[in-house]
Amino acid sequence: MAEISSGYEPKAVEEKWRKHWEEARIFTPNPDDPGEAYSIVIPPPNVTGALHIGHALNLTLIDVLCRHARQKGKNVLWIPGTDHAGIATQNVVERALKKEGKRRQDLGREAFIERVWQWREEYGHRILDQIRFLGCSVDWTRLRFTMDEGLSKAVRRVFVKLYNEGLIYKGDYIINWCSRCHTALADDEVEHEDKKGHLWSIRYHIEGSDESIVVATTRPETLPGDTALCVHPEDERYSHLVGKMAILPILGRRLPIIADSYVDRSFGTGALKVTPCHDPNDWMLGKRHNLEFIQVIDENGIMKAESGPYEGLTKEACRERIVEDIEKEGDLVSVSDLTHAVGHCYRCHTVVEPHVSTQWFVATTKLAPKARAAVPALTKILPETWVKTYYHWLDTIRDWCISRQIWWGHRIPAWTCEHCGKLVVAEESPTVCPACGKTDLIQEEDVLDTWFSSSLWPFSTMGWPDSTKDLERWYPTSVLVTGFDIIFFWVARMMMMGQHFMGRVPFADVYLHALVRDASGRKMSKSLGNVIDPVLMIEKYGCDALRFTLTAFAAMGRDIRLSEERIEGYRHFVNKLWNAARFTLMNLGDAKPVPCNLSAIEGLHNQWILHALEGAKKDVDAALTDYRFNDAAQTCYKFLWSSFCDWYLELVKPDMQSEDTVVRDRARYVLWLVLRELLVLLHPIMPFVTAEIWDALPVPDSEEKKELACEPYPPERPECVRQKEADAMEFLQGVIVAVRTVKAELSISPAKTLHLMAKPNSQEQRAVLEENREVLLTVARLSELTVTDELNAPKASASEVVSGCQLVVPLLGAVDLKGELARLDKQLGKLEKNLESVNRCLADQNFIQRAQKDVVDNKRALAAELLDNKAKLETMRRRFAEAIEEESAR
RNA sequence: GGACAGUUAGCUCAGCUGGUGGAGCAUCGCCCUUACAAGGCGGGGGUCACAAGUUCAAGUCUUGUACUGUCCACCA
C-alpha cells in the first residue's frame with residue numbers, strides 16, 4: 001500500500017489493528033520463550049466500572065512500558081483482569097432489583113448471587129472492551145477475575161494458613177459501620193470530610209451534691225449510651241470529683257467519673273462523656289477502665305430499646321429530641337458552631353457510624369514490619385516522595401478488618417458447629433465437626449473485603465497456589481504501575497501477602513502516577529460535570545492522540561491537568577506524522593529502499609539527521625527505563641516535528657529533484673530509514689498510526705517484512721554519530737534562519753528570491769556554504785549565492801552575523817530602509833547586553849581564579865565571539881546609515 | 001495537629017549532578033512554497049512567589065516566610 005490519504009482517519013485503522021493483534025495472539029507469551037522476564041499485572045478495574053481517564057492514564061503507561069520492553073527483547077507478560085468489587089457490584093445489582101420492586105432479601109442469598117453472576121455475564125465485559133479499545137497489549141488468554149475458581153482457591157488457602165498461624169482472628173471490636181451498605185468498613189474505606197456541625201454543652205449533675213460537670217459533645221444522640229464521664233487526672237478543676245458518680249440526664253443512670261490522660265484539658269470544658277459503643281476513643285477508654293458497654297444505635301441507624309424513651313427513632317430524630325429534652329430540663333448550657341471531620345463511606349458517602357460488633361481481622365500489625373523493611377532494598381517506590389507515606393502508614397497500622405456483611409464476595413471459609421460451638425476453618429466445606437462429629441455446621445455469613453483477594457493478585461493471577469510455569473518465569477513482577485490513591489488499600493497489602501506467601505516481594509518497582517484533574521486542577525467527578533470521557537476522546541480525536549497526550553503529561557510526581565484542547569492539540573502531532581509518512585512514501589514511489597553504507601554516507605543533511613536520530617534513540621530508551629514518560633514523548637515530538645519535518649524534509653527536497661540517481665537513492669534510503677526507526681520509537685506511545693504507516697512502508701529486498709509490534713528497538717549505530725557535521729548543520733540552519741528573519745522583519749515577501757552574499761569566518765564555513773549551495777538556494781529561497789572574502793555589497797544591504805560569518809543581502813526597490821536600521825539597533829542592543837554581562841564576569845578576579853578552567857575558557861570564547869559580531873554589525877550599521885542619508889539627500 | 005508536594009512567559013508545564021532561562025498552546029505579523037492551513041516562516045512576551053544564607057557564580061543547594069494543593073490523624 002503506497003497510497004495513504006491526506007488526513008489521518010483513526011477509526012478504521014484502529015479497528016483493524018485491534019482485531020489483528022488479538023487474533024494473531026501477538027501478546028501471548030510462552031514461558032519458554034527467550035528473553036529476560038518482564039511482567040506486569042493490571043490494576044484490576046471494578047467489573048462494574050467504565051473506563052475513566054484515570055484508567056486510561058494507568059493503562060497507557062503500562063502499555064508503553066510493555067511494548068517498549070518487548071522491543072528490548074524481553075519476554076513480556078501483561079495479565080489483564082477485573083475485580084469483583086464486593087460492595088460496589090452488590091449496590092449496582094441491588095439497584096437493578098429495586099426497579100423490579102425487590103430487595104436482595106426477597107431473593108435469598110443464593111439466588112441473589114446467581115443474579116450478580118448474570119449481571120456480570122451481561123455487563124462485565126464493558127470495561128474489558130474499553131481496555132481493548134485503548135490498544136492495550138495484554139494477554140487476553142490469561143484473563144482473570146478476582147472471583148474465578150483459581151482465585152477463590154487462592155483466597156481460601158491464604159485465609160486458612162493465616163488463621164492457623166494466628167494471623168487471622170475473630171473478635172469484638174468497634175468498627176466503621178455503613179448503615180446503608182449494611183457492612184463493616186476498614187479504616188481506610190472511610191473518608192473524612194470537614195462538616196459544619198454543633199457542639200452542645202450539657203450539664204451532668206453530681207450525685208449527692210450541688211455540683212455539676214459540663215461536657216461538650218457533637219453527638220447528643222449517643223447520650224443514652226454514656227457509661228462514664230472522663231477528665232484529665234491532673235486537672236485541678238475536677239480532681240475532687242474523680243471517683244464520684246454523675247447522673248445521666250433524662251435517663252437518670254449513674255455514671256462513674258474517671259480520669260485518663262487521653263483527655264485534652266484545653267478543649268471544650270476539659271470533661272468528656274464516654275460512650276464506649278459509639279466512639280472509637282471511648283471504646284478504648286471503656287476497655288481500659290472496664291466500663292459498661294451499652295449499644296443504643298442499631299445497625300440500621302435506629303435507636304434501640306436501651307435508649308429508653310427514644311427507642312425506634314432514627315439517630316437524627318433522636319438527636320433533635322434529646323436536645324429539646326435537655327433544654328427543657330435546663331441542662332443545656334450552650335450550643336456553638338463547630339467544623340469537624342465526619343467519616344463517610346467511600347462507596348456510597350453515607351455518614352459512617354462507629355459500631356461494636358464481632359468481625360474478622362488480619363493481624364497486619366504483625367505483617368507490616370517486613371513489608372516496610374523491603375523498601376527500598378527489595379522494592380523501589382517511585383517517585384520517592386511516597387516512600388515516607390508508605391512507611392508512616394505501616395508504622396501506624398492497625399489490624400485490618402476483613403469481614404463484610406454483604407453477600408457478593410469470597411465467603412469466609414469458617415464454620416461453627418451448632419452442637420459444640422467449635423469453629424472450623426478449612427479450605428473445603430467440612431461435612432462433620434472435627435470435635436464432636438456432628439454434621440450441623442453453619443458457615444459464616446460474612447464475605448471478605450474485596451481488597452483481600454486483590455492483595456493476592458500478583459501471584460494468584462499466575463496460578464498460585466498451584467506451582468505453575470508462569471509463576472516460575474514471571475513472579476515477582478517487574479513493576480506495579482498504579483495511582484497513589486491506592487497505595488494503602490492495595491500496594492502495601494500486596495507487599496505483605498507477597499512476602500508472606502511467596503517469600504518474595506511482588507514487584508521490583510512501584511511507579512505511582514499522578515491523578516488526572518480538570519483544567520483548573522479540580523478532581524474530575526460526575527457531580528462537577530468536568531469529567532473527560534476517554535472513550536469519547538478516542539472517538540473524537542483517535543486513540544493515539546489521547547495516549548500521546550497522557551504520556552506527554554505524565555511527569556513524575558505531578559498531577560495532570562487535562563483538557564480536551566490538549567488532546568485536540570496532540571491530534572495535530574499524529575497528523576503530522578501521517579503527512580511526513582505520506583511525503584516519504586510519495587518520494588519512494590514504487591522503488592524499494594536500497595541500503596547504502598552509513599559510515600560513508602554523504603550529504604550534510606543526511607549525516608545530521610542520522611546523528612540526531614541516534615540521540616533520540618538513546619534518549620527515549622533512557623527515559624522509558626527511568627519512567628520519565630514525558631521526556632520520552634517530548635523527545636519523539638521534537639525529533640519528528642522540529643528535526644525531521646521542519647528541516648530534513650525541506651533539505652532533502654532538492655535531492656529528490658536531482659538527476660543524479662546516487663544522490664536520489666541515498667536520500668530515499670535515509671528518509672526511509674529515519675522514518676522507520678522513528679516509527680519504532682513512537683510505537684509504544686502511538687501504536688495504531690505507527691503500525692499503519694509501517695505496514696505501508698516497503699522494505700529492501702534483503703529484508704523480510706515483520707510487523708511493527710514485533711520489531712526490536714533500533715540498534716545503536718555508532719558510525720552515525722557525527723558531532724562535527726551536526727555543528728556544521730547548525731551553522732547552515734543559522735544562515736537560512738537569518739535570511740528568513742531579514743525577509744520577515746523587513747516585510748519582504750517570502751516568495752521573493754534574494755541575493756545572499758556571505759563572508760565566511762573559516763575554511764570550514766566556506767566549504768559548508770559551497771557544498772550546500774543547492775540547499776541554500778532552495779530552502780532560503782535565494783536567487784544567487786556569493787561566497788566571498790571581499791564583500792562588495794551596496795551600502796543599502798541588510799546584514800546578519802552567524803557564527804562569525806557575515807551575511808549581507810542587498811535591498812533593492814521598495815524596502816523600508818528605516819526598518820532595517822531599527823532591526824540592526826535591536827540586534828546590537830541585545831549583543832551589548834550579553835557582552836556586558838559576560839565581561840562583568842571576566843573582570844572578576846575571583847571568577848578567573850576559582851571557576852573551573854573550561855568554564856572560564858568558554859566564557860572567554862563567548863566574549864570574543866560577541867565582540868566580533870558586534871564589530872561586524874556596527875560596521876554594517878554605519879554603512880547602512882550612510883545609505884539612508886544618501887537616500888534622503890535625493 | 002502531623003507529613004508531603006507545588007509556586008518559572010497570558011495558560012499548561014520541562015529545566016538531571018549550580019556556569020548567559022526552554023517547549024507546547026495562546027497572541028501578533030507575513031505566506032494556500034507540489035507531505036501537512038490539523039500547515040509554513042518570523043516576532044513579542046519572564047528581577048524563575050518573597051527574604052536571608054552558602055558560592056567566584058543560584059531557577060537549580062540550605063534555612064525561613066507567604067500562598068495553593070494533597071494525604072494522614074482519636075480533639076469530644
Side-chain angles (χ1 to χ4, degrees), chain A residues 4 6-8 188 192 199 215-219 230 262-264 266-275 279-284 338 340-341 354 383 385-386 388-389 392-393 396 484-485 487-488 515 517 519 521 523 541 545 552-553 555 557-563 565-566 568-587 626 628 630-631 634 637-638 641-642 645-646 649-650 653 736-737 740-745 747-751 778-779 781 833-838 841 844-852 854-856 858-859 862 866:
Chain A
I4 56 182
S6 86
Y8 175 59
D188 51 12
H192 291 273
L199 189 64
V215 302
T217 179
T218 54
R219 303 196 53 205
C230 188
Y262 159 74
V263 177
D264 177 357
S266 63
F267 188 90
T269 58
L272 162 75
K273 73 187 200 59
V274 184
T275 321
D279 184 281
N281 303 305
D282 294 5
W283 192 83
M284 177 267 296
L338 179 81
H340 63 138
T385 158
W386 290 105
K388 257 190 153 174
T389 310
H392 181 253
W393 192 72
T396 57
F484 59 77
D485 49 331
I487 184 169
F488 310 132
L515 230 56
R517 302 171 176 280
K523 262 187 185 173
Y541 305 108
F553 279 96
R558 211 161 162 144
D559 282 349
I560 298 176
R561 294 191 179 197
L562 191 70
S563 66
E565 289 76 45
R566 300 190 178 281
E568 196 182 352
Y570 280 115
R571 180 184 56 165
H572 302 343
F573 178 69
V574 179
N575 201 53
K576 191 75 181 175
L577 173 64
W578 183 255
N579 279 299
R582 278 184 64 220
F583 176 84
T584 305
L585 289 169
M586 213 176 271
N587 280 294
D626 297 345
R628 288 180 288 114
N630 56 324
D631 286 344
Q634 205 57 240
Y637 190 99
K638 275 190 169 161
W641 206 306
S642 310
C645 291
D646 286 350
L649 296 191
E650 294 307 317
K653 277 174 185 174
I736 293 168
V737 168
R740 285 171 179 166
T741 307
V742 165
K743 285 191 191 179
E745 298 223 336
S747 300
I748 300 169
S749 159
T778 317
V779 179
R781 297 193 151 229
K833 238 175 94 182
N834 281 345
L835 196 57
E836 249 176 61
S837 85
V838 174
C841 215
D844 186 345
Q845 279 309 306
N846 278 324
F847 172 72
I848 304 293
Q849 284 161 14
R850 304 200 193 190
Q852 283 170 15
D854 59 322
V855 172
V856 178
N858 286 343
K859 265 294 193 253
L862 181 65
L866 290 174

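Below, chain A is the first sequence line, B the second, and so on; all start at residue 1.
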Side chain of Asn630(A) only, heavy atoms from C-beta on: which candidate in C36(B), A14(B), U12(B) is closest? A14(B)
Base, sugar-phosphate, or nothing: which does Gln849(A) touch, judged by heavy atoms less than 4.0 Å apart? nothing
Asp646(A) near the nucleic acid: base, sugar-phosphate alone, or nothing, with a heavy-atom cut-off under 4.0 Å? sugar-phosphate
Counting just side-chain N and O atoms, does Lys638(A) come under 4.0 Å of either OP1 or OP2 of G22(B)? no
Please report the distance separating the P of A38(B) from the corresponding atom of C32(B), rounded so that it comes out in whole Å. 16 Å
Looking across every strand, which nucleic acid part, if any, lies under 4.0 Å from Tyr637(A) by heavy atom: base, sugar-phosphate, or nothing? sugar-phosphate
Starting the side chain at C-beta, find the nucleotide from C13(B), G42(B), A23(B) nearest to Thr741(A). G42(B)
Could you tell me which nucleotide pairs with G53(B) by Watson-Crick or G-U wobble geometry, both distances under 3.5 Å, or answer none if nothing does? C61(B)
Determine the Euclidean distance between corresponding P atoms of G44(B) and U8(B); express it in Å to zero decimal places. 23 Å
Heavy-atom pair of closest approach, residues Gly270(A) and Val263(A): O-CG1, 3.4 Å
Could you tell me how far A3(B) sits from G64(B) if I compare only their P atoms? Round to whole Å. 11 Å
For the P atoms, the ones on C16(B) and on C75(B), what distance do you get once it is rounded to whole angstrom? 39 Å
G-U wobble or Watson-Crick pairing nucleotide for C32(B) (cut-off 3.5 Å, both distances): none
CG/Asn281(A) to OH/Tyr262(A) distance, rounded to the nearest 0.5 angstrom? 3.5 Å
Using a distance-only criterion (donor-acceptor N/O pair, under 3.5 Å, no hydrogens), is the base of C36(B) paired with the side chain of Lys576(A)? yes
Separation of atom CZ in Arg571(A) from atom P in A38(B), rounded to whole Å: 9 Å
Mind checking Val737(A) for me? I need base, sugar-phosphate or nothing, with any heavy atom below 4.0 Å counting as a touch. sugar-phosphate
Rounding to a whole Å, what distance do you find between Asn858(A):CG and G19(B):P? 12 Å
Rounded off to whole Å, could you give me the OH-to-P distance for the Tyr570(A) and U12(B) pair? 15 Å
Taking A23(B) as the reference, what is the distance to G45(B) when you measure between their C1' atoms (whole Å, please)? 15 Å
Please classify the nucleic acid contact of Val838(A) as base, sugar-phosphate, or nothing, using heavy-atom distances under 4.0 Å. nothing
For Glu836(A), is there an ion pair with Lys833(A) - N to carboxylate O distance below 4.0 angstrom? no
May I ask which nucleotide in the shown strands pairs with U20(B), Watson-Crick or G-U wobble, both distances under 3.5 Å? none
Any chance you could measure Leu866(A), atom CG, to Ser837(A), atom OG, to the nearest 0.5 Å? 8.5 Å
Counting the atoms with a prime plus P, OP1 and OP2 as sugar-phosphate, which does Ile848(A) contact under 4.0 Å by heavy atoms, base, sugar-phosphate, or nothing? nothing
Could you check if a side-chain atom of Thr275(A) sits within less than 4.5 angstrom of a side-chain atom of Trp283(A), using non-hydrogen atoms only? no
Using a 4.0 Å heavy-atom cut-off, does Trp283(A) contact any base of the nucleic acid, only the sugar-phosphate backbone, or nothing at all? nothing
Nearest atoms (heavy-atom pairs only) where Val838(A) meets Lys859(A): CG1-O, 3.7 Å
Closest approach of Asp282(A) to Lys273(A) (non-hydrogen atoms, all atoms of both residues): OD2-O, 3.3 Å
Separation of the C1' atoms in C50(B) and A58(B), to the nearest angstrom: 15 Å
Is there a Watson-Crick or G-U wobble partner for U68(B) with both distances under 3.5 Å, and which nucleotide is it? A5(B)
Taking atom P in both A49(B) and A14(B), what distance in whole Å separates the two? 14 Å
In whole angstrom, give me the gap between the C1' atoms of G39(B) and U33(B). 11 Å
Once base and sugar-phosphate atoms are separated, protein heavy atoms under 4.0 Å mark nucleotides 71-76 of chain B, 5' to 3', with B, S and - as SS-BBB
From Thr217(A) atom OG1 to Arg219(A) atom CZ, the distance as rounded to the nearest 0.5 Å: 8.0 Å
For Tyr8(A) and Asn575(A), work out which heavy atoms get closest and say how close. N-OD1, 3.0 Å
